[in-house]
Enquirer: 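Before we start, here is the structure in question, set down as structure tokens.
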Amino acid sequence: MANTRDLLIDTMKQLLWERGYDATSPNLVLERSGTGKGSFYHHFKGKKELAIAAMESRADQLIEEFDQVTAGKQGGVAKVKAYMSLPRDATVGCRMGRIVQDPSLEDELLNAPLQRYFSEIHKRMRRFLQDAQEAGELSRLLTAEQLATLAICALQGSFVLGRAIGEKETANQATDAFMQLLEAQTLN
């Protein structure tokens with residue numbers, strides 16, 4: 001069984017994904033987790049500290065998932081395709097990207113886990129694409145930097161569009177389109 005601190009972090013992760021930072025109150029965290037105020041304030045000074053811990057935990061989890069999905073794949077293009085081809089429901093949004101637009105995330109400490117997550121995913125994708133270009137597997141028409149940025153933008157933009165229009169398949173359509181673009185750049 002998870003300890004109270006982990007339970008609070010897991011509850012906050014879920015609420016951040018569902019509601020965002022600004023719409024999540026400490027009382028809602030307590031209600032959803034079934035813990036008391038004493039437990040909350042024993043482990044965290046307040047909502048901000050809990051949110052940072054939750055976002056750091058989520059960033060670690062998603063980076064690990066990325067690494068697991070791409071591990072063992074041969075070639076940079078195959079690694080990127082493995083990640084991009086994961087089935088996604090656009091209407092639920094990205095577990096990290098969902099909270100980027102909250103006004104409170106202008107706070108440097110709150111924004112740091114988001115920056116770390118997106119920077120790490122971008123860096124890994126760019127490295128895979130650079131490897132593919134250096135191996136002669138992928139054209140240099142677009143730089144690895146451009147392709148990595150486009151991949152992340154296609155995915156994150158598809159979550160926004162999918163939520164806005166209530167279409168679950170938008171993320172899968174966008175990632176399929178990106179993979180077709182990538183395939184068109186493949187030299188083998």
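All heavy atoms count here, side chains included; hydrogens, waters and symmetry mates do not.
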Enquirer: Whether the side chain of T170 engages the backbone of E167 through a donor-acceptor N/O pair (distance < 3.5 Å, no angle test) should be reported.
Expert: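 Yes; judged by distance alone, with no hydrogens or angles, the pair exists.
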
Enquirer: Quick one: OG1 on T11 to CG on L50, what's the gap to the nearest 0.5 Å?
Expert: 8.5 Å

Enquirer: Scan R127, R126, R140 and name whichever one has a salt bridge (charged side-chain N to carboxylate O under 4.0 Å, His left out) with E145.
Expert: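 For E145, the salt bridge (charged side-chain N to carboxylate O under 4.0 Å, His left out) test succeeds with only one of R127, R126, R140, which is R126.
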
Enquirer: Would you please say whether a donor-acceptor pair under 3.5 Å links the side chains of Q130 and E134?
Expert: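 Not at all, the side chains of Q130 and E134 share no donor-acceptor pair under 3.5 Å.
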
Enquirer: Got a sec: does the CD of Q101 have more than 12 other heavy atoms crowding it under 6.0 Å?
Expert: no

Enquirer: Any link between L109 and L114 through a network of hydrophobic side chains (Ile, Leu, Val, Met, Phe, Trp, Tyr) touching at under 4.5 Å?
Expert: yes

Enquirer: Atom CG in N111, atom CD in Q115: separation rounded to 0.5 Å?
Expert: 4.5 Å

Enquirer: Does V100 reach the side chain of F118, with side-chain heavy atoms less than 4.5 Å apart?
Expert: yes

Enquirer: Mind listing the closest non-hydrogen atom pair of M12 and T24 along with its distance?
Expert: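 That closest heavy-atom pairing would be SD-CG2, 3.7 Å.
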
Enquirer: So K13 and S57, do their side chains get closer than 4.5 Å, heavy atoms only?
Expert: yes

Enquirer: Indicate the atoms forming the closest heavy-atom contact of L15 with R32, along with that distance.
Expert: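 What the structure gives for the nearest pair is CD2-NH2, 3.4 Å.
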
Enquirer: Roughly how far apart are Q61 CD and M96 CE, rounded to 0.5 Å?
Expert: 10.0 Å

Enquirer: Which atoms form the tightest heavy-atom contact between S39 and L8, and what is the distance?
Expert: O-CD1, 4.1 Å

Enquirer: Hey, does M125 have a side-chain heavy atom less than 4.5 Å from the side chain of F66?
Expert: yes

Enquirer: Are the side chains of L181 and L150 in touch, meaning some heavy atoms are under 4.5 Å apart?
Expert: yes

Enquirer: With the threshold set at 4.0 Å, does a side-chain nitrogen-carboxylate oxygen contact exist between R95 and E18?
Expert: no

Enquirer: Linking I/L/V/M/F/W/Y whenever any side-chain heavy atoms sit under 4.5 Å apart, do L62 and V92 land together?
Expert: no

Enquirer: Would R124 and T70 count as a side-chain contact (heavy atoms from CB on, under 4.5 Å) here? Give the steps.
Expert: CA-CA 10 Å; R124 284 166 166 76; T70 59; over 6 Å; no

Enquirer: Under a 3.5 Å threshold, yes or no: a donor from one side chain and an acceptor from the other, between E169 and N172?
Expert: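 Yes - a donor-acceptor pair under 3.5 Å links their side chains.
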
Enquirer: Rounded to the nearest 0.5 Å, how far does CD1 of I9 lie from CG of D6?
Expert: 5.5 Å

Enquirer: So, the side chain of W17 versus the backbone of I99: is there a donor-acceptor pair under 3.5 Å, distance only?
Expert: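 Side chain of W17 to backbone of I99, a donor-acceptor pair under 3.5 Å: no, none is there.
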
Enquirer: For the residue pair R5 and N3, what are the closest heavy atoms and their distance?
Expert: N-OD1, 3.1 Å

Enquirer: State whether a side-chain donor-acceptor pair under 3.5 Å links H43 with T4.
Expert: no

Enquirer: Starting at CD1 of I121, measure out to CD1 of I63 and round the result to the nearest 0.5 Å.
Expert: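 Answer rounded to 0.5 Å: 5.5 Å.
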
Enquirer: Have S104 and D102 got a donor and an acceptor in their side chains that come within less than 3.5 Å?
Expert: no

Enquirer: Should L161 and I152 be counted in the same cluster of Ile, Leu, Val, Met, Phe, Trp and Tyr side chains packed under 4.5 Å apart?
Expert: no

Enquirer: Please report the closest heavy-atom contact between A171 and R88, naming both atoms and the distance.
Expert: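 Heavy-atom minimum between the residues: CB-CB, 3.9 Å.
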
Enquirer: If a pair satisfies side-chain hydrogen bond (donor to acceptor under 3.5 Å, both in side chains) and one of its residues is in residues 71-87, list it, with sequence neighbours excluded.
Expert: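 side-chain hydrogen bond (donor to acceptor under 3.5 Å, both in side chains) check on residues 71-87 returns K81-E183.
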
Enquirer: May I ask you to check whether over 12 heavy atoms, not counting those of Q68, lie within 6.0 Å of atom CD?
Expert: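 Check passes, neighbour count above 12.
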
Enquirer: Do L105 and M55 have side chains that get closer than 4.5 Å, going by heavy atoms?
Expert: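 Yes, at least one pair of side-chain atoms sits under 4.5 Å.
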
Enquirer: Out of curiosity, T186 OG1 to L138 CG, how far, rounded to the nearest 0.5 Å?
Expert: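 Rounded to the nearest 0.5 Å, the OG1-CG separation comes out at 5.5 Å.
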
Enquirer: Looking at every non-hydrogen atom in both residues, tell me the closest pair between G166 and T91 and how far apart they are.
Expert: C-CG2, 3.6 Å

Enquirer: Which pairs pass side-chain hydrogen bond (donor to acceptor under 3.5 Å, both in side chains) with one or both residues in residues 47-56, sequence neighbours excluded?
Expert: K48-D107, E56-R116

Enquirer: Stepwise, does the side chain to side chain donor-acceptor pair (under 3.5 Å) test hold for S25 with N27?
Expert: CA-CA 5 Å; S25 68; N27 286 336; 5.3 Å; no

Enquirer: With a 4.5 Å heavy-atom cut-off, do L16 and R98 have their side chains touching?
Expert: no

Enquirer: Using a 4.5 Å cut-off on heavy atoms from C-beta on, say whether the side chain of L155 contacts that of S158.
Expert: yes

Enquirer: State, yes or no, whether a side-chain contact exists between Q156 and C94 at a heavy-atom distance under 4.5 Å.
Expert: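 Side-chain contact under 4.5 Å: yes.
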
